[in-house]
Amino acid sequence: MKYSFGLFFLITFFFAEAQRNKFPNVLDVRTHITDTSNVATSFFSDLGAWHAYALPERKEDYGSFIGPLLMDIDGKWLGNDFSKLQISESGREIDLTSSTVKLDYYPGLLQQEYITANLKVLIQIIFVSNRTASLKTSIINLSGTERKLKLKWTGKSLLSATRLGVSSNRVTIRFINNEHLFSIQYETKKKLSITNDGDSYAAELNDVMIAPAKRFEILQTQRYYLNSKEQSAIHQHVDFATEFSKNENRWNDYIKSFFSKTGSELKDETDKSLAVKSIITLITNWRSATKDLLSDGVFPSASYQGFYGFWSWDSWKQAVGLSYFHPQLAKSNIYSLFDYQDKAGMIPDCIYTEKKENNWRNTKPPLAGWAIWKVYEQTGDLAFLKKLYPRLVKYHEWWYRNRDHDENGLCEYGSTDGTRIAAAWESGMDNAVRFDDAVMLKNSDRAWSLNQESVDLNVYLYAEKNYLSKIAHALGKRRKAVNWNTSATALQQLIQTNFYHAEKGFFYDKMIGQNEPVAVEGPEAWIALWAGLANRQQAEKVADIMQHEKKFNTMIPLPTLTAGHPKFDPANGYWRGPVWLDQFYFGVDGLKQYGLNDLANEFIQKLFSNAEGLKDGKPIYENYHPLTGKGLNAINFSWSAAHLLMLLAGK
């Protein structure tokens with residue numbers, strides 16, 4: 001095949017722009033540990049590993065990566081600088097704090113560079129598997145004479161319930177209360193002198209000779225296992241050069257894969273950096289299968305102790321974002337929750353490494369069909385559809401058997417234990433104002449409903465019927481596809497009849513058996529636009545309210561409660577006013593489906609211009625204050641990152 005010079009140039013330019021070395025420090029991962037439980041910072045992990053590292057924030061920590069952070073049910077920092085390098089020459093320590101210093105976080109790579117005393121010291125760490133990180137220290141002699149150096153690494157466990165051990169070129173940390181193991185293996189033929197004193201160790205390597213303009217290199221292999229079964233794995237020698245190349249190619253592929261989805265439209269450098277930050281956020285929150293988690297999945301945020309598990313509707317949203325650059329992980333993220341689907345068809349709210357902690361009190365809104373279809377659009381994987389179709393049908397039907405109190409074809413949020421709090425969790429909008437007056441109704445011994453039929457739940461079910469039809473059609477199940485379409489049309493009529501208020505021009509929840517709406521305005525109305533359920537007149541009426549400056553057209557548009565409501569409280573309210581990027585995405589995507597592109601683009605521009613952290617090294621937040629743009633609640637939030645990718649891809 002022959003290419004013109006111009007096409008060749010464009011292809012070459014595109015791939016150059018997609019290289020990871022073009023995106024240093026899109027996320028600031030410098031920190032210092034004083035509280036081992038404080039994970040509310042940014043850090044680096046990869047390949048689904050359960051440990052993480054950061055760059056030093058203070059000069060006193062130079063020569064070490066901060067950490068590791070060890071994760072399971074919660075997160076704890078093992079050390080502040082558990083493998084700190086010290087260099088001595090002729091009995092005098094070379095001071096790294098007076099060096100010319102360069103600290104960088106490239107996608108998939110942490111790197112420190114020090115130039116001092118005619119030496120260049122380069123320390124790099126990458127992950128080479130879901131349990132293993134490889135740390136390479138290179139010391140280059142910049143002088144004209146041979147150097148004789150002494151290298152020393154020191155570390156101290158900050159955790160009390162640990163036992164530190166040393167052996168031939170190896171340091172191990174075992175834990176009194178669990179089967180976890182962290183180890184550092186120094187990959188060198190020279191024997192190090194390793195000593196330990198309680199919770200501290202020192203590893204010394206003497207007589208390191210480096211000729212002029214030559215370098216000395218030494219590797220550390222740092223492994224973290226969560227149980228004894230994992231520790232029995234055969235340890236292969238790590239070839240850093242080979243692994244570095246694989247790491248670089250993999251990350252370049254992530255970036256190129258996403259950029260290719262946006263065509264030539266993603267031209268702005270800040271947009272590109274935001275896309276890379278979003279990819280980094282999702283990969284850092286990736287955890288591999290272990291213990292009672294049977295498939296790889298993604299934490300909502302590893303930077304918040306309460307999010308160390310996999311949540312169902314988080315997973316559906318994350319999967320759509322992941323599908324643009326890592327479709328295998330997108331599929332696994334969906335499987336992780338379906339792994340626990342029960343015989344009745346229910347999928348739990350969230351799952352953990354210890355299944356006794358799984359939350360079966362409620363499920364979450366039915367977005368699984370959307371996620372499955374969107375992943376299929378990126379992969380064309382019919383086997384994936386075939387495997388999940390019957391499970392999705394079972395889950396869809398579960399809603400009507402367990403959450404339709406009066407059996408009128410409109411469902412309610414609820415719980416399995418009759419508690420009001422679990423029913424609120426099931427909506428995903430834990431403390432939304434629209435549910436303030438709702439109470440519980442018993443359907444059966446394991447099924448309770450709120451006495452309130454919700455717009456969004458039924459619109460999600462409408463959308464899922466349409467996705468089930470698409471999936472059935474793709475699988476050659478023509479009659480099933482027609483039946484799902486017929487069912488969707490019937491539900492569409494029910495929703496328009498029961499939830500749309502013509503005088504107000506908005507969709508509202510309603511109490512069972514009552515005609516008056518629950519007159520609280522929120523994103524549930526524009527979910528109908530996202531699903532393509534509203535007619536043209538309804539869509540325009542909803543859009544009129546969305547663009548009202550005293551309602552939803554705020555500094556960052558589309559808060560989860562109209563700004564004029566007396567209970568509007570974004571700073572403290574969680575779902576009482578903050579802008580959540582999933583609901584924001586549904587709103588602008590819904591507008592675009594009705595050709596209201598100018599308004600949608602206005603909203604997107606205001607988000608990208610005003611939301612904290614989207615243009616600098618700050619993290620992506622769980623949600624945002626609509627009047628100030630301030631990031632709120634958890635940082636490095638996965639579904640926010642996933643929806644930013646969707647928004648950028650739509651640009």
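The residues of the chain are indexed from 1 along the displayed sequence.
A donor-acceptor pair shorter than 3.5 Å cannot be found between the side chains of R391 and Y395. For the 3.5 Å distance criterion, the side chains of S323 and Q378 fail to qualify, holding no donor opposite an acceptor. Side chains of T281 and N636: no donor on one and acceptor on the other come within 3.5 Å. A donor-acceptor pair shorter than 3.5 Å cannot be found between the side chains of E622 and S301. Residues Y413 and D456 have side chains that bring a donor and an acceptor to within less than 3.5 angstrom of each other. In this model, a donor atom of one side chain and an acceptor atom of the other lie less than 3.5 Å apart for K261 and S257. Judged by distance alone, the side chains of R223 and S129 never bring a donor and an acceptor atom under 3.5 Å apart.
Listed for the E464 side chain is a donor-acceptor partner under 3.5 Å among the backbone atoms of G369. In terms of modelled atom types and a separation under 3.5 Å, the side chain of N458 and the main chain of C411 share a donor-acceptor contact. Remark: side-chain polar atoms of N247 are not paired, donor with acceptor, to backbone N or O of E243 under 3.5 angstrom. Without hydrogens or angle criteria, T132 side chain to V128 main chain gives no donor-acceptor distance under 3.5 Å. Side chain of S332 to main chain of D296: a donor-acceptor pair is present (N/O by atom type, distance under 3.5 Å, no hydrogens or angles). Put simply, the side chain of S487 never gets that close to the backbone of N483: no donor and acceptor are under 3.5 Å apart. Judged by distance alone, the side chain of D28 and the main-chain N or O of K618 form no donor-acceptor pair under 3.5 Å. Here the side chain of N25 pairs a donor or acceptor atom with the backbone of Y105 at under 3.5 angstrom. A donor-acceptor pair under 3.5 Å is absent between the side-chain atoms of K317 and the main chain of S640, judged by distance alone. In terms of modelled atom types and a separation under 3.5 Å, the side chain of K615 and the main chain of N610 share no donor-acceptor contact.
Taking a cutoff of 4.0 Å between a charged side-chain nitrogen and a carboxylate oxygen, R446 and D342 do not qualify as a salt bridge.
Residues N402 and M346 form no side-chain contact, since every pair of their non-hydrogen atoms from C-beta on lies 4.5 Å or further apart. Residues T284 and F44 are not in side-chain contact: their nearest non-hydrogen atoms beyond the backbone lie 4.5 Å or more apart. L558 has its side chain within reach of V588: a pair of non-hydrogen atoms, C-beta onward, lies under 4.5 Å apart.
Using a 30° and 60° split on the angle between ring planes, F127 and Y53 fall in the tilted class, from 30° to 60°. Ring pair Y254/W251 is perpendicular by interplanar angle, where above 60° counts as perpendicular and below 30° as parallel.
Taken from CG in L47 to CZ in R250, the straight-line distance is 4.0 Å, to the nearest 0.5 Å. Here the OG-CG distance, from S295 to N333, works out to 9.5 Å after rounding to the nearest 0.5 Å. Expressed to the nearest 0.5 Å, how far NZ of K229 lies from NZ of K291 amounts to 13.5 Å. In this structure, T363 OG1 and E426 CD are separated by 6.0 Å, a value rounded to the nearest 0.5 Å. Separating the CD atom in E357 from the SG atom in C350 is a distance of 9.5 Å, to the nearest 0.5 Å. Rounding to the nearest 0.5 angstrom, the gap separating the CG atom in N466 from the OG1 atom in T489 is 7.5 Å.
Under the side chain to side chain donor-acceptor pair (under 3.5 Å) test applied with H180, the options Y225, Y224, W50 reduce to a single match, Y224. Test P619, P107, S42 against I280 for side-chain contact (heavy atoms from CB on, under 4.5 Å) and you get one pass: P107.
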Margin query: What verdict does the ring pair (Phe, Tyr, Trp, His ring centres under 6.0 Å) test give for Y462 and W399, after you've listed the backbone C-alpha separation in whole Å, the side-chain angles of each residue and the deciding distance to 0.1 Å?
Written below: CA-CA 12 Å; Y462 164 80; W399 283 95; over 10 Å; no
Note to self: With ring pair (Phe, Tyr, Trp, His ring centres under 6.0 Å) as the criterion, how do F499 and F507 come out once you've worked through the C-alpha distance, each side chain's angles and the decisive distance to 0.1 Å?
What the structure shows: CA-CA 5 Å; F499 296 129; F507 289 88; 8.1 Å; no
Next item on the list: Go through the steps for F307 and F299 under the test ring pair (Phe, Tyr, Trp, His ring centres under 6.0 Å), then give the verdict.
Entry: CA-CA 6 Å; F307 285 150; F299 282 178; 9.4 Å; no
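Relative to the six-membered ring of Y335, K387 meets both conditions, a distance below 6.0 Å and an angle of at most 45° to the axis. Geometric assessment of R287 against the ring of F310 yields a negative cation-pi assignment under the 6.0 Å and 45° thresholds.
In this view, D589 and W530, Y585, Q593 satisfy the side-chain contact (heavy atoms from CB on, under 4.5 Å) rule, not counting sequence neighbours.
Heavy atoms only, all atoms of each residue included: M546 and F552 are closest at O-CB, 3.3 Å. Between K374 and Y467, the shortest heavy-atom distance links the atoms CE-OH, 4.2 Å. Closest non-hydrogen pair, Q583 versus P523, comes out as OE1-CB, 3.5 Å. The shortest heavy-atom contact between I126 and G108 is CG2-O, 3.6 Å. Closest approach of N601 and K592 over heavy atoms only: OD1-CE, 3.8 Å. Here the closest non-hydrogen pair linking R131 and S288 is NH1-OG, 2.7 Å.
Among residues at least two apart or in separate chains, there is no side chain to side chain donor-acceptor pair (under 3.5 Å) pair with a member in residues 304-314.
More than 12 heavy atoms of other residues, nucleotides or ligands sit less than 6.0 Å from atom NZ of K606.
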